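In what follows, a structure is listed as structure tokens, so that the remarks can point back to it.
Here is the naming used below: chain letters follow the sequence lines, and residue numbers restart at 1 for every chain. Owing to the predicted nature of the structure, the values given are computational and were not obtained by experimental measurement.
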Protein chains: 4
Amino acid sequence: MTIGKRLWAIAEGYIPPYSHGPAPQMISHEAVCILNAGDDSAHVEIMLYYESREPVGPYRFNIAPRRSCHLRFNDFEDPEPIAADTPFSSVISSDVPIVVQHTRLDSRQAENALLSTIAFAGDQ
Amino acid sequence: MTIGKRLWAIAEGYIPPYSHGPAPQMISHEAVCILNAGDDSAHVEIMLYYESREPVGPYRFNIAPRRSCHLRFNDFEDPEPIAADTPFSSVISSDVPIVVQHTRLDSRQAENALLSTIAFAGDQ
Amino acid sequence: MTIGKRLWAIAEGYIPPYSHGPAPQMISHEAVCILNAGDDSAHVEIMLYYESREPVGPYRFNIAPRRSCHLRFNDFEDPEPIAADTPFSSVISSDVPIVVQHTRLDSRQAENALLSTIAFAGDQ
Amino acid sequence: MTIGKRLWAIAEGYIPPYSHGPAPQMISHEAVCILNAGDDSAHVEIMLYYESREPVGPYRFNIAPRRSCHLRFNDFEDPEPIAADTPFSSVISSDVPIVVQHTRLDSRQAENALLSTIAFAGDQ
């Protein structure tokens, strides 16, 4: 099974700075969900783009063959954590085809809100 | 009328583990909506990909010609039910063109939240 | 200015059967937003596909050149109104390129929820 | 790094006319998020399309190389502000490849709702 592309982008990015409700489910989070449906490991690199500084990254992740991987930007650490309440964009590249979707859970107010979209797939 | 592709993927997948509000409408659910606009039956197979185990499936569904089909992952049973509160991804394949959209209703908190996105269409 | 395609599909479709909040803004609604950025009128036809009956339509709409058009499925009347609480899909065709987006406002519970996605564009 | 297209459209557009919660985060807003991942400045022009008047624009924005830019339609001023509670669509063009995503935060009711989708990419 091969499906996906090797280059993706998410123009939206924002970690809500506070939360209501029990952790970890109801912590406000910004997530990137990645499917590696193929039979080879995916070496994934994520670059972050900001409004007023140079890009940061790559953040590196290995995804085993035939695996789903739901990453929270909140948990990114190396080369540096991502500040909350700060707009960003991201570019996700992989050495094998992957599928990328962007999801946010925002629990800043008493009830949670959700958004999700397929990311933009480059030609590669 | 022919529209769609024969191979789709949804990188996000998550069945919220609890709900508020009257069943069945307000039960938290993860749905895949499929349109078979053509004049032939669609034989659809859905494979599920997890974060730390091998893929499960195929789950098989037949969709009659010129029909919409809204499936809840919550209701999948064969070869096995899908655990709640467990991240997954899915690949949807069909022998005829279909259109696939992903929707979640999350009623874990007192008011419901919604997300939806067109799925990723493969080249086929 | 020309942008868009002449054939689109939305696999999701559902008119929530009740609402909270002041009309018309907070009436639960299922919408299809269409952009005709070109210099010719768009003659748009929408076919509805159901889970257990034959397709209904076409519903016909003319969109003037260089105009946006936000339609609520709730308001469709000819050839017949659309029942609430009933899953459907839709296919949108036009004689000139258009851009189509699907949005729902669900106010069944006390606070509203939203979803939106670009529709699926056919090859035409 | 080059990713994106030079022509995009968002068929949905609507600035909710009121809000609950602290400004600026919880002000109801309609946003367009743009990534310019390349090494050249992006000269972006946004045209707005309405239901019953001629298009307005272009609204012009420069996005530096390797930068994210989250714009709120609420803040557009030149050639004119955008009225709230008024449906519109938008076309976003750039002289270099960009990636465009559409997001709304709606806080008309006590708790906020969110929607987001990748915009429609033209062939250019």
Side-chain angles (χ1 to χ4, degrees), chain A residues 5-18 20-21 28-31 45-58 82 84-93 100-124, chain D residues 1-5 8 10 12 19-22 24-29 31-39 42 44 61-72 92 94 97-123:
Chain A
K5 298 284 183 178
R6 289 181 294 160
L7 186 63
W8 295 79
I10 303 170
E12 249 284 23
Y14 180 81
I15 300 175
Y18 48 100
H20 285 80
S28 288
H29 57 265
E30 186 82 354
E45 295 191 346
I46 301 181
M47 287 295 297
L48 296 194
Y49 294 79
Y50 290 98
E51 293 198 313
S52 51
R53 54 186 289 224
E54 285 294 307
V56 175
I82 303 175
D85 198 22
T86 303
F88 63 90
S89 302
S90 53
V91 169
I92 303 96
S93 57
V100 177
Q101 187 169 340
H102 167 226
T103 299
R104 180 184 305 159
L105 184 147
D106 178 347
S107 65
R108 286 176 292 178
Q109 296 190 320
E111 316 305 334
N112 62 311
L114 290 173
L115 64 79
S116 189
T117 184
I118 187 75
F120 174 75
D123 296 326
Q124 298 181 284
Chain D
M1 168 60 62
T2 298
I3 184 166
K5 298 283 183 178
W8 295 80
I10 304 170
E12 250 284 23
S19 304
H20 284 81
Q25 282 186 17
M26 285 300 162
I27 297 296
S28 287
H29 56 266
V32 54
C33 300
I34 304 176
L35 168 62
N36 174 19
D39 289 327
V44 174
F61 304 92
N62 288 341
I63 305 177
R66 302 176 299 280
R67 288 297 182 275
S68 176
C69 179
H70 294 217
L71 298 168
R72 291 187 180 193
I92 302 95
S94 169
I98 57 175
V99 180
V100 177
Q101 187 169 340
H102 168 226
T103 299
R104 180 184 305 159
L105 184 147
D106 178 347
S107 65
R108 286 176 291 179
Q109 296 190 318
E111 316 305 335
N112 62 311
L114 290 173
L115 64 79
S116 189
T117 183
I118 186 74
F120 174 75
D123 296 326

Side-chain donor or acceptor of D/Trp8 paired with backbone N/O of D/Ser94 under 3.5 Å
no

For the residue pair [X] and [Y], establish whether any side-chain heavy-atom pair is separated by less than 4.5 Å.
X	Y	answer
D/Arg72	D/Ile27	yes
A/Phe88	A/Ile15	yes
D/Val44	D/Leu71	no

If I compare all heavy atoms of A/Tyr14 with all of A/Glu30, which pair ends up nearest, and what's the gap?
O-OE1, 2.8 Å

Heavy atoms only: give me the nearest D/Pro65-D/Asn36 pair and the separation to one decimal.
CA-ND2, 3.7 Å

Picking from D/Ser68, D/Ala121, D/Ser107, which has the most non-hydrogen pairs under 4.5 angstrom with chain A?
D/Ser68

Under a 4.5 Å heavy-atom cutoff, which of D/His20, D/Met1, D/Gln25 has the most pairs with chain A?
D/Gln25

Largest heavy-atom contact set with chain D, pairs under 4.5 Å, which of A/Gly122, A/Ser90, A/Pro55
A/Pro55

Options A/Ala119, A/Pro16, A/Gly13, ranked by heavy-atom pairs under 4.5 Å with chain D, top entry
A/Gly13

Proximal component of D/Val100, with respect to chain A [non-hydrogen, under 4.5 Å]
backbone

Relative to chain A, which segment of D/Ile63 carries a heavy atom at a distance below 4.5 Å: side chain, backbone, both, or neither?
neither

Interchain contact, [X] with chain D, by part (heavy-atom threshold 4.5 Å):
X	value
A/Leu48	neither
A/Pro17	side chain
A/Arg104	side chain
A/Ser93	neither
A/Tyr50	backbone

What donor-acceptor contacts under 3.5 angstrom involve side-chain atoms of residues 110-117 of chain D, with partners at least two apart or in another chain?
{"unit_1": "D/Glu111", "atom_1": "OE1", "unit_2": "A/Ala110", "atom_2": "N", "d": "3.0"}
{"unit_1": "D/Asn112", "atom_1": "ND2", "unit_2": "A/Asp106", "atom_2": "OD2", "d": "3.4"}
{"unit_1": "D/Ser116", "atom_1": "OG", "unit_2": "D/Gln101", "atom_2": "NE2", "d": "2.9"}
{"unit_1": "D/Ser116", "atom_1": "OG", "unit_2": "D/His102", "atom_2": "O", "d": "3.1"}
{"unit_1": "D/Ser116", "atom_1": "OG", "unit_2": "D/Thr103", "atom_2": "OG1", "d": "2.9"}
{"unit_1": "D/Thr117", "atom_1": "OG1", "unit_2": "C/Ile118", "atom_2": "N", "d": "2.9"}

Please list, chain by chain and in numerical order, all residues satisfying salt bridge (Lys or Arg N to Asp or Glu O under 4.0 Å) with A/Glu51, sequence neighbours excluded.
none

